[in-house]
2 protein chains.
Amino acid sequence: MKQRLAAIGTVETLPHRVAAFLSREIESGELNPGTRLPTEQELSEKFGVSRNVVREAIAQLRADGMIEARQGIGAFVLAPEQRAAIRIDREALKDTHNMERLFELRCILEAESAALAAARRGQAHLDSIKEALDRMGGEERWEEGSIDADLLFHREIARATGNSYIHTFISFVCEQIRHSIHYARMTNPLHDLVEINVGEHVRIYEALVAGDPAAAESAMRAHIIGAANRVGVKLPLSKTSGAK
Amino acid sequence: MKQRLAAIGTVETLPHRVAAFLSREIESGELNPGTRLPTEQELSEKFGVSRNVVREAIAQLRADGMIEARQGIGAFVLAPEQRAAIRIDREALKDTHNMERLFELRCILEAESAALAAARRGQAHLDSIKEALDRMGGEERWEEGSIDADLLFHREIARATGNSYIHTFISFVCEQIRHSIHYARMTNPLHDLVEINVGEHVRIYEALVAGDPAAAESAMRAHIIGAANRVGVKLPLSKTSGAK
DNA sequence: TCAATTCAAGTTGTAGGATGATATGCATCA
DNA sequence: TGATGCATATCATCCTACAACTTGAATTGA
């Protein structure tokens, strides 16, 4: 439990802060691709930290493919197309518009994945999905337990597609949304009633059992739109009509 | 231990190699979530590098949410659900099955995005998409030029959705595929005839101009399946039939 | 003058030690 | 017994030094 607290309250380490600063400067366009960064020496003076801290920060940006460091010359900003990793700025998610966009992406991913899962799921998949479903409804308190079960439900469906990349992407997007909502509840207790609609989940599960891709897709789509609404995000209809 | 490694393109730095080693150990399951890593001291001795190098490696893994370091205690492996970034192992993409899965994910993302783009695109979007289309056909040599134009074409469509996350995700997936194919061509000259089917692109563009989401979606789906076939990846039908 | 070589300065890469901050367990003492 | 304080282990940060690499200017030789 003590670990729990430590895990939630992320410690802001110096390299992390420096990396975040530079990252923002690059994303915002203040540092165009091709631009040379200040030297490590200059950066350490500018931020008032040691060169080691700057190096750790640059190591992160380098691993993400945001910059490229060349020995003897310097570090240069790379084009956004050459990113080696996808990362979502959690600050930006406090803006409802961005949350809306993320839900839209999630809807795209999960709707088609549900269809794939309906076509490919095995009995073992159905069992683990069912288990998550039961955990969701069985939980007395709408606290961590049922939210975790909800996430597990979606992850298990993604796993049932048999495509590990789909699983990775969906897990990632869901986790970002969960974290953001969790944060919103911490700062604004009004949000305490984040209800989970069990009926929507059951409909998805039944479509999977029946092996009906079209039904699974539309049930998942309806569910995500509903989930978005329940946290105050109005999803643009996307292609609810076009799916027919 | 003075190996001369003339890796093409990327200079293999020590922190990168250490991070890759640890990363693989975690991904492969040798280090389960919750496990404590050896101390920085031990790692630096084990790999024969300085503690600074180990720290830079750990900084990368930490930024990705693969491990969590707690001052005074140690560093611990985190569960795969808590990843803060998506990263695709390029080694794994040499396996055709993985390439197939990635194409499937791309198909999901781009098909629905094309539909969204058809509904939301403005004139400026159409112009830049058309420009990429012209660059693609105009190129004499099927070398870098037309491949870049092809990627740009897809990115501009993603941008026309007005959803920056969709744009990020699609750009990322496309870039991983491009890099992998580029690498395959380097090692196996047989692949030299990676043709680009202009007709498929034109059909997508026309659907966008017409503002027809359903047509855009099916044209995009057909195009990606075709593109996969042309590089030797047979895409499982996914939901070509279910889309009707 | 001109070309080739050498050299010096600047920058990142790596090494190693020192000190501060934090968590844990043990010993001490009332 | 129980609370306190100390020693230890570990990560966080800082510092200095040197190696490897690049660039451009100074030097040298014809």
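Below, read A as the first sequence line, B as the second, and so on, with proteins coming before strands; counting in each chain starts at 1.
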Spacing between A:Phe76 atom CZ and D:dT22 atom C1', to the nearest angstrom: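 Going from CZ in A:Phe76 over to C1' in D:dT22 covers 10 Å.
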Spacing between B:Leu43 atom CG and D:dA9 atom C1', to the nearest angstrom: 15 Å
B:Glu45 atom CD, over 12 foreign heavy atoms within 6.0 Å: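 Counting other residues, nucleotides and ligands, CD of B:Glu45 exceeds 12 neighbours.
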Pair B:Ser28, B:Glu30: side-chain N/O donor-acceptor within cut-off below 3.5 Å: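 A pair is found: one side chain offers a donor N or O, the other an acceptor, under 3.5 Å apart.
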No-hydrogen, no-angle side-chain donor-acceptor test under 3.5 Å, B:Arg55 and B:Asn52: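 No, no side-chain donor-acceptor contact under 3.5 Å.
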Per-nucleotide protein contact string for nucleotides 12-19 of chain C (B base, S sugar-phosphate only, - none; heavy atom under 4.0 Å): BBBBB-B-
Qualifying salt bridge (Lys or Arg N to Asp or Glu O under 4.0 Å) pairs, either residue in residues 156-172 of chain B, two or more places apart: B:Glu156-B:Arg159
Between A:His154 and A:His201, ring centroids under 6.0 Å: yes
